[in-house]
Amino acid sequence: MYYETAEKLLEFLKNSPSSFQAVDVMKRRFLTEGFTELKEQERWKLEKGGRYFVTRNRSALIAFSIPEQENRKFHITASHSDSPSLKIKENPEMKVGDAYIKLNVEKYGGMLMAPWFDRPLSVAGHIVVKENGQIQEKLVNLDRDLLMIPSLAIHMNREINEGYQYNPQKDLLPLFGCAEEEGVFWEMIAKEAGVRKEEILGHDLFLYNRVPGTIWGAGKEFLSAGRLDDLQCAFASMEGFLSGKRKNCIAVHCMLDNEEVGSSTKQGAASTFLRDTLLRINCGLGRDYEAYLMTLAGSFMISADNAHAVHPNYGEKADPVNRPVLNGGIVIKYNANQKYCTDAVSGAFFKELCSRAEVPYQTYVNRSDIPGGSTLGNISNTQVAVNTVDIGLPQLAMHSPYETAGVKDTWYLCRALEEFYA
Ligand code: CO
């Protein structure tokens with residue numbers, strides 16, 4: 001069962017090179033499962049026993065189901081669809097003498113830069129076009145090895161292995177083609193989208209790593225791929241949500257965007273997207289605002305974003321006692337300054353949930369002299385204040401374009417969330 005889940009995760013990652021494709025894959029899955037798509041700009045007619053989903057910006061998605069019986073609690077899981085990447089700038093083609101065309105890109109999120117070099121890359125995201133007089137959005141994925149950021153040979157910088165400070169404007173521009181290929185980039189994008197290049201008015205396009213995900217290790221215990229943070233949790237959230245019975249709660253699965261750049265966009269955790277959706281569920285059930293507040297008071301949220309496992313070469317970077325390992329189970333994250341919202345109550349609730357699901361859990365706390373990262377739980381709580389636990393799956397190389405996790409842990413989270421939505 002671990003392997004089946006791990007293979008499905010790799011398939012999901014392969015089809016989700018950017019947050020736009022991740023939402024599209026999920027959307028198609030929910031439609032197949034009999035969910036109804038709602039539009040934010042229309043009135044919602046909700047029914048008891050109904051199953052729905054809504055997207056915002058085509059890069060964030062919330063699915064929910066309403067039980068047959070009167071119910072006063074939301075069970076929410078929140079993850080994120082985006083990962084650190086290089087974003088295509090306006091007018092990206094840059095000619096290098098008469099030799100090459102390279103692309104002008106900028107950093108999206110806090111990335112490890114070195115692993116972007118010397119591997120095949122491509123471009124995915126969405127574009128906005130004017131087609132037959134109408135403004136439309138189109139998904140784009142140039143599904144082939146297209147770009148490379150070549151390293152400088154060691155002969156030209158003998159000190160490189162002593163440490164190097166990357167300049168993103170100089171070092172990270174990918175090679176696209178020979179000089180004759182000038183003007184081809186937008187033609188390629190247009191062809192892929194089935195439009196003319198003059199019709200393209202806007203774009204959110206990102207580079208992605210083409211190296212396929214793989215299961216490896218002496219006992220095939222590890223899994224590596226791009227975008228594990230946080231699509232591994234998003235995938236487990238979707239699977240747990242779909243396999244859960246969802247009879248005793250208003251079940252909410254949400255995947256928000258832009259966590260890697262602070263969440264403060266209209267489709268991020270700091271936005272009103274989740275709050276608006278919960279309020280509209282409340283309205284749709286014919287309840288007043290006080291009933292909404294009563295429902296929130298009885299609700300629970302699992303903020304699921306990947307966590308750091310102890311590194312085989314840098315064990316000293318982990319807390320001396322709380323040291324999550326790959327395949328050791330779901331990681332519950334704690335932080336005294338509440339960058340993670342886990343507290344005594346929500347932590348206890350989650351431990352009990354893992355026990356019922358018969359899956360292992362482990363605990364993570366930053367070393368007291370290392371500030372660590374942030375996530376979406378506490379940001380979301382400023383809009384929707386509910387009891388929340390911050391958890392994640394243990395991984396290595398976070399924010400590399402090729403990250404490593406344990407082959408068993410995805411299944412553990414699927415199981416725990418199935419129990420959460422039961
Ligand atoms: Co993350």
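Note that ligands are numbered from 1 as they come in the structure, with each ligand's atoms numbered from 1 the same way.
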Of all N/O/S atoms in D229, which lies nearest to the Co ion (ligand 1)?
OD1
Would you say that more than 12 heavy atoms from the other residues, nucleotides or ligands in this model lie under 6.0 Å from the NZ of K14, or not?
no
Which atom name does D305 have for its N/O/S atom nearest to the Co ion (ligand 1)?
OD1
Will you find, in the side chains of E90 and N104, an N or O donor that is under 3.5 Å from an N or O acceptor?
no
Show me the donor-acceptor pairs within less than 3.5 Å that the side chains of residues 330-340 make with the rest of the protein, sequence neighbours left out.
from, atom 1, to, atom 2, distance (Å)
K333, NZ, D305, O, 2.7
K333, NZ, N306, O, 3.2
N335, OD1, N337, N, 3.2
N335, OD1, Q338, N, 3.1
N335, OD1, K339, N, 2.9
Q338, NE2, N335, O, 3.3

Atom nearest to the Co ion (ligand 1) - H80, N, O or S atoms considered
NE2
With sequence neighbours left out, write down each residue that passes ring-ring contact (aromatic ring centres under 6.0 Å, His included) with F222, or none if nothing qualifies.
W216
